[in-house]
Visitor: 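Sharing a structure with you now.
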Amino acid sequence: MSKEMAPPPSSFGKGQRGKPVVKPKDMKGTLRRLWELTQGQRQGLGWLMLLSAVASASTILSPLLIGTAVTAIDTGNPALQLLILLAALYLTDWLVRFLQQFFMAAIGQRIILHIRSTLFEKMKALPLSFFDSRQHGELMSRLTNDVDNISTTISDSLTQLMTYGFTIIGILCIMLRLSLPLTCIAFISVWLIFLLTRTITKHTRKLFAQQQQILGKLNGQVEESISGLNMVKAFGREAEMTEQFEESNARLCQVATKAQIWSGFLMPLTNVINNLNFVIVAVVSGILAAYGRISVGLISSFLLYSRQFSRPFVDIANIYNNFQTAVAGAERIFEILEEEPEPADAPDALPLTAPRGEVEFSHVTFGYQAQEPVLKDVSFRVPAGTRVAVVGSTGAGKTTLINLLTRFYDVNSGSILLDGRDLRQYRLQDLRRTFGVVLQDTALFGMSVRDNISYGNKDVLPERIRAAAKTAGADSFIRRLPQGYDTPIGENGAKLSGGERQRISIARALLKNAPIVLLDEATASLDVENETKVQGALSRLLAGKTVLVIAHRMRTVAGADHIVVLENGRVAEQGTPAELMEKGGLYRRMVELQSHSAQWQLNGNE
Ligand code: CTP
Ligand code: MG
């Protein structure tokens with residue numbers, strides 16, 4: 001089925017009338033790929049096809065049998081055998097439909113299982129840059145809604161479509177055999193229903209799309225009002241908030257009512273056409289019977305057939321729309337599957353077992369978008385076992401350095417060396433094991449404190465978790481939590497303060513006991529007193545390791561062996577703290593500015 005096909009009569013039937021249809025971009029290609037995904041389930045699909053044929057055969061045959069039975073009774077012949085056959089046919093029909101459901105549920109769910117795991121695997125393998133430019137909620141909806149759509153379509157529509165296909169062809173053949181003029185009449189009514197459905201749903205589709213859009217807006221308003229309720233109250237905007245909500249709510253009511261009324265027309269009108277058809281067929285066949293052209297049995301068969309004939313058409317229109325929406329969803333899924341994954345390790349990638357921990361940035365240039373470099377020709381060296389601090393104004397590119405070291409992103413030009421070799425020569429997994437990181441945006445998981453600290457370290461002794469927490473200055477507050485180390489901390493640590501979250505992520509990095517430690521504003525949320533304590537404990541514990549510290553507070557970096565000052569993505573100056581103080585450049589200005597403002601704060605507090 002191609003795009004240039006005339007739009008089909010739209011939805012009709014159980015609660016789906018005129019639902020907005022999302023058109024797929026490349027129906028054929030997507031269907032082919034979907035078909036590839038059914039590999040392993042083909043045998044089951046074959047069975048399903050067979051069952052559909054049997055199911056439609058029973059649908060097709062029963063009116064014929066009834067007609068023959070009526071004729072038999074009419075002419076005084078015994079009809080018992082025919083009636084028993086009819087009962088057997090109905091029984092078979094029931095059994096076949098049950099088996100159909102059974103097969104479809106099993107096959108459909110297995111295909112979906114496969115799609116969902118493939119998609120999740122893929123997301124895991126995608127580079128972080130992929131997620132930067134996309135709305136996370138939208139990606140989640142692909143994993144859940146789009147996959148669900150495919151599942152429903154496969155399990156509902158496919159069986160129905162197969163059965164209807166067989167039924168329509170079968171009934172048409174029989175009707176034509178029974179009587180050509182009567183078939184023509186039945187055809188006209190089916191055509192009328194087809195046109196009517198198309199006209200009405202053209203209208204309702206627009207209305208339902210509008211309804212969906214207003215509903216989305218309303219959801220957004222509610223979400224924003226709840227999450228920002230404190231700001232709404234603080235700025236006294238309650239009245240405006242209510243007004244906006246009421247406006248959307250009223251619009252929604254208006255549009256939804258219209259949509260419902262319009263789609264409500266369809267069903268009764270279809271019935272009227274169907275009934276008219278029934279009457280016309282009855283009258284015409286009555287006349288034909290009066291002239292002895294057809295038998296009474298044929299009339300009853302034909303009337304039943306003409307009823308059954310129109311039904312699939314109405315349903316198929318509906319199924320086709322759902323089908324289109326599902327295929328469009330599948331397209332969004334395949335879009336992700338086609339994305340370039342993180343580059344795989346070269347076949348000759350080196351293992352990294354016991355690195356010395358010497359890091360060197362050599363003429364590194366990098367931009368998240370290639371045309372906008374964030375780091376420009378950055379070069380500095382971190383000898384093994386030393387502590388290097390990177391300072392610079394906000395947006396200078398400090399966090400970017402860490403993103404490159406951990407290979408969340410790769411450099412555009414230049415290179416980063418670890419123990420004298422380019423990072424890209426090592427196995428990625430080994431490389432990441434080399435770094436203990438505390439990121440600027442602490443990411444915690446909705447599990448217990450203990451599991452968060454031991455994240456990625458299975459089977460650690462509780463004493464070690466405790467020791468790490470102590471060094472990070474977290475032990476005392478953790479023990480005050482209701483269930484101590486077993487307290488769940490909520491989504492991304494929502495139940496903790498910013499400083500508490502940071503200390504847990506420091507403990508997590510410490511427990512990993514990696515040879516190189518990267519701290520990005522790791523203690524920025526702590527008060528000065530706590531920060532000093534934690535920094536002191538950290539420098540004792542991390543003595544002998546290579547450490548890269550990023551910090552805004554100059555006090556935090558003063559103990560570093562080497563300082564790199566970044567300015568607009570370039571290294572403005574570097575050297576030991578003493579050298580830089582003497583030089584009297586940017587670093588000295590920053591130090592003086594901060595001690596000045598600290599002085600000013602102290603005076604202000606007096
Ligand atoms: N940036 C970007 N895409 C990202 C992350 C950052 O385009 N995924 C840009 C930012 O807009 C910024 C620049 O890269 O202009 C440097 O960002 P970053 O290295 O994070 O700056 P920091 O020096 O870490 O700034 P801060 O002190 O505020 O953390
Ligand atoms: Mg940063």
Side-chain angles (χ1 to χ4, degrees), residues 123 126-139 339-343 359 361 363-380 382 387-414 416 423 432 435-444 492 498-499 501-502 505-506 509 516-526 531 535 538 547-558 560 562-574 580 585-587 589-591 593-594 597:
M123 284 208 183
L126 285 173
L128 288 176
S129 53
F130 172 82
F131 297 94
D132 283 350
S133 49
R134 283 175 181 76
Q135 256 194 330
H136 295 182
E138 203 256 339
L139 288 177
E339 283 289 329
E340 203 65 37
E342 265 185 330
V359 174
F361 279 72
H363 303 286
V364 169
T365 297
F366 168 78
Y368 293 95
Q369 281 88 40
Q371 62 278 22
E372 276 176 59
V374 169
L375 293 179
K376 297 155 212 156
D377 195 30
V378 169
S379 296
F380 65 91
V382 187
R387 191 181 171 88
V388 169
V390 179
V391 297
S393 49
T394 167
K398 304 180 296 294
T399 302
T400 307
L401 292 178
I402 290 190
N403 286 340
L404 294 179
L405 255 179
T406 45
R407 285 199 64 198
F408 291 156
Y409 302 82
D410 275 331
V411 297
N412 297 357
S413 68
I416 303 176
L423 291 183
R432 296 215 171 123
F435 298 109
V437 272
V438 179
L439 296 179
Q440 189 169 19
D441 302 315
T442 37
L444 298 177
N492 197 17
R501 280 204 292 275
Q502 270 197 333
S505 72
I506 294 176
I516 302 178
V517 179
L518 311 173
L519 304 171
D520 191 356
E521 300 284 1
T523 49
S525 301
L526 304 188
E531 180 174 34
Q535 285 289 351
L538 274 179
V547 184
L548 188 80
V549 195
I550 293 171
H552 274 129
R553 289 191 194 150
M554 290 303 140
R555 196 186 296 106
T556 329
V557 302
H562 189 83
I563 286 182
V564 177
V565 184
L566 270 191
E567 180 69 7
N568 283 327
R570 287 184 194 280
V571 178
E573 53 186 23
Q574 56 177 317
L580 292 183
L586 255 176
Y587 175 74
R589 270 224 303 287
M590 285 194 265
V591 173
L593 206 66
Q594 282 197 9
S597 66

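In listed order, ligands and their atoms are each counted from 1.
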Visitor: Identify which of S129, G395, P373 has a heavy atom lying nearest to atom 15 (O) of ligand 1.
Guide: G395
Visitor: Would you mind finding which of N568, T400, L404 brings a heavy atom closest to atom 19 (O) of ligand 1?
Guide: T400
Visitor: So which atom in P373 and which in T365 form the shortest heavy-atom distance, rounded to 0.1 Å?
Guide: CB-CG2, 4.2 Å
Visitor: If every non-hydrogen atom of E339 is compared with every non-hydrogen atom of F130, which pair is closest and at what distance?
Guide: CG-CE1, 3.3 Å
Visitor: Starting from atom 8 (N) of ligand 1, locate the nearest protein heavy atom and write down its residue, its atom name and how far away it is, to 0.1 Å.
Guide: D132 OD2, 3.1 Å
Visitor: Taking C-beta and beyond as the side chain, do T400 and F366 meet within less than 4.5 Å on heavy atoms?
Guide: yes
Visitor: Less than 4.0 angstrom from a charged side-chain N to a carboxylate O is my criterion; do R432 and E342 meet it?
Guide: yes
Visitor: I need the contact type for H552 against ligand 1. Using non-hydrogen atoms and a strict under-4.0 Å cut-off, is it side chain, backbone, both or neither?
Guide: side chain
Visitor: Would you mind finding which of Y368, Y409, F366 brings a heavy atom closest to atom 2 (C) of ligand 1?
Guide: Y368
Visitor: Closer than 3.5 angstrom, by distance alone: can the side chain of K376 be matched with the main-chain N or O of H363 as a donor-acceptor pair?
Guide: no
Visitor: Can you pull out the closest protein heavy atom to atom 20 (O) of ligand 1? Residue, atom name and distance to 0.1 Å, please.
Guide: T399 CB, 3.4 Å
Visitor: Determine the minimum heavy-atom distance between S505 and L444, stating which atoms define it.
Guide: CB-CD2, 4.3 Å
Visitor: Looking only at protein heavy atoms, which one is nearest to atom 13 (C) of ligand 1, and how far off is it?
Guide: V374 CG1, 3.5 Å
Visitor: Taking both backbone and side-chain atoms into account, decide whether T394 has an N/O/S atom under 2.8 Å from the Mg ion (ligand 2).
Guide: no
Visitor: Quick check: closest heavy atoms across Q594 and H552, and the distance to 0.1 Å?
Guide: NE2-O, 2.6 Å
Visitor: Could you check atom 29 (O) of ligand 1 against the protein and tell me its nearest heavy-atom contact, residue, atom and distance included?
Guide: Q440 NE2, 2.7 Å
Visitor: For atom 6 (C) of ligand 1, is there a protein heavy atom at a distance under 4.0 Å?
Guide: yes
Visitor: Does a side chain donor of either T523 or Q535 reach within less than 3.5 Å of an acceptor in the other side chain?
Guide: yes
Visitor: Do any of the N/O/S atoms of T400, backbone or side chain, fall under 2.8 Å from the Mg ion (ligand 2)?
Guide: no
Visitor: Would you say ligand 1 has an N or O under 3.5 Å from any N or O of E521?
Guide: no
Visitor: Could any protein non-hydrogen atom be found less than 4.0 Å from atom 11 (O) of ligand 1?
Guide: no
Visitor: Any non-hydrogen atom of G392 lying under 4.0 Å from ligand 1?
Guide: no
Visitor: Quick one: look up the protein heavy atom nearest atom 28 (O) of ligand 1 and list residue, atom name and how far away it is.
Guide: T394 OG1, 2.6 Å
Visitor: Show the nearest heavy-atom pair for residues V374 and G397, with the distance to one decimal.
Guide: CG1-CA, 4.2 Å
Visitor: Using 0.5 Å steps for rounding, measure from the CZ atom of F361 to the CG atom of L401.
Guide: 4.5 Å
Visitor: Return the option from Q369, K398, E372 holding the heavy atom at the smallest distance from atom 23 (O) of ligand 1.
Guide: K398
